[in-house]
Amino acid sequence: MGLIFDTHAHYNDTAFDEDREELLGRIFENDVFAAVNQGTDIPSSLWSIEYAGKYPQMYAAVGLHPECLGENSLDELSRIEELAASPKVVAIGEIGLDYYYDIPRELQKEIFIRQLELAKKLSLPVNIHDREAHGDMLDILRRYKPAGILHCFSGSVEMAKEVVSFGMSIGLGGVLTFKNARKTVETAREIPLEYLVLETDCPYLAPVPNRGKRNDSSNIFYIAQKLAEIKGISAEQVLEATKNNAQRIYNIT
Ligand code: NI
């Protein structure tokens, strides 16, 4: 068992259909301490729970992603609440706002807020997606001050500092290793290690040197190496610290 804690994965994605069990068996045996598979709708939330039952290192988040919203989303919230009671559900996620796609913003905000309230009621952390919605996101976070992770963080250093002041953590993924990642590198430098966690968002966003290929949790080693370089410590120290942070956030012993 390794030191890697992948706080945000999508192993239900069809990109893994050909070799999913072989891959999970291998990375869980060699590299990965834990991976939290995120739900984006009801089927993927159910999938996450099923696979958390199959693999000791797999944990589940359940939630409705802004890209997956529709007419039935309000009704689906009660199903998410039921699913959140399943064993090994450690968070409400992946939830948030996505203004890149043309999805009604009022609906996005309502479903996001309802899930923040649900997480609070259930004493669960959240895993948050924020794409081109930093202003509204920050307004809502200031109001609700949730516990959890802002995943694949793409905001300013000022925004990172503010959400960390509520006790939230910043999720860093493959983007940290990209050539054009100036803002993300600055965030990684300015935010104390105790508020940083690592993630893949696999199958997407593989770090350099595997950029463009299918991603999986074993690639987190490269993100840890980059963060180690930024912080002036060893990759092992980064993996150990971010693993401890993730265990604390997701309440995994
Ligand atoms: Ni994701």
Side-chain angles (χ1 to χ4, degrees), residues 4-17 20 23-24 27 32 34-52 58-69 73 76 80 83-84 89-101 103 108 111-112 115-116 119 124-134 137 141 146 148-155 163 168-178 181 184 187 196-207 210-220 223 242 246 249-250:
I4 287 173
F5 196 126
D6 185 352
T7 59
H8 188 116
H10 300 278
Y11 282 112
N12 53 296
D13 194 282
T14 53
F16 297 108
D17 282 355
R20 184 177 289 109
L23 172 74
L24 290 175
I27 64 173
V32 177
V36 179
N37 205 75
Q38 302 290 319
T40 55
D41 55 12
I42 301 295
S44 56
S45 296
L46 282 165
W47 191 99
S48 300
I49 291 166
E50 184 197 331
Y51 269 70
M58 183 84 90
Y59 293 84
V62 297
L64 303 178
H65 188 287
E67 280 174 51
C68 301
L69 301 184
S73 299
E76 286 172 347
I80 293 294
L83 294 180
V89 171
V90 295
I92 300 296
E94 171 177 3
I95 63 173
L97 302 175
D98 195 317
Y99 291 177
Y100 177 81
Y101 292 106
I103 305 149
Q108 290 196 47
I111 300 293
F112 177 43
Q115 293 183 98
L116 290 177
L124 284 173
V126 290
N127 202 288
I128 293 179
H129 171 99
D130 165 23
R131 191 174 187 192
E132 300 187 9
H134 302 324
M137 176 57 70
L141 295 181
I149 298 165
L150 208 45
H151 121 84
C152 194
F153 184 76
S154 60
V163 301
M168 292 195 74
S169 295
I170 302 294
L172 297 173
V175 172
L176 187 68
T177 67
F178 295 176
T184 312
T187 299
L196 299 177
V197 293
L198 304 182
E199 61 171 55
T200 54
D201 205 16
C202 64
Y204 307 108
L205 294 173
N210 293 326
R211 188 172 182 180
K213 295 185 189 158
R214 186 182 73 174
N215 200 3
D216 70 63
S217 307
S218 64
N219 278 324
I220 281 187
I223 307 166
T242 51
I249 295 163
Y250 285 134

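Counting convention: from 1, in listed order, for ligands and their atoms alike. Owing to the predicted nature of the structure, the values given are computational and were not obtained by experimental measurement.
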Which of the N/O/S atoms in D201 sits closest to the Ni ion (ligand 1)? OD1
Answer key: the N, O or S atom of E94 nearest to the Ni ion (ligand 1) is OE1
Under 6.0 Å from the ring centre and within 45 degrees of the ring axis: does the NZ or CZ of R214 meet both conditions for the six-membered ring of F16? no
Which is it for Y59 and S48 under the side-chain hydrogen bond (donor to acceptor under 3.5 Å, both in side chains) test, yes or no, and what are the steps along the way? CA-CA 7 Å; Y59 293 84; S48 300; over 6 Å; no
When you measure from the Ni ion (ligand 1) to the N, O or S atoms of H129, does any of those distances fall below 2.8 Å? no
Should N127 and H151 be marked as a side-chain hydrogen bond (donor to acceptor under 3.5 Å, both in side chains) after you check the CA-CA gap, both sets of side-chain angles, and the distance that decides it? CA-CA 6 Å; N127 202 288; H151 121 84; 4.6 Å; no
Do the side-chain N and O atoms of N37 and H10 include a donor-acceptor pair separated by under 3.5 angstrom? no
NE2 (H8) to the Ni ion (ligand 1) to NE2 (H10) angle, given to the nearest 10 degrees: 90°
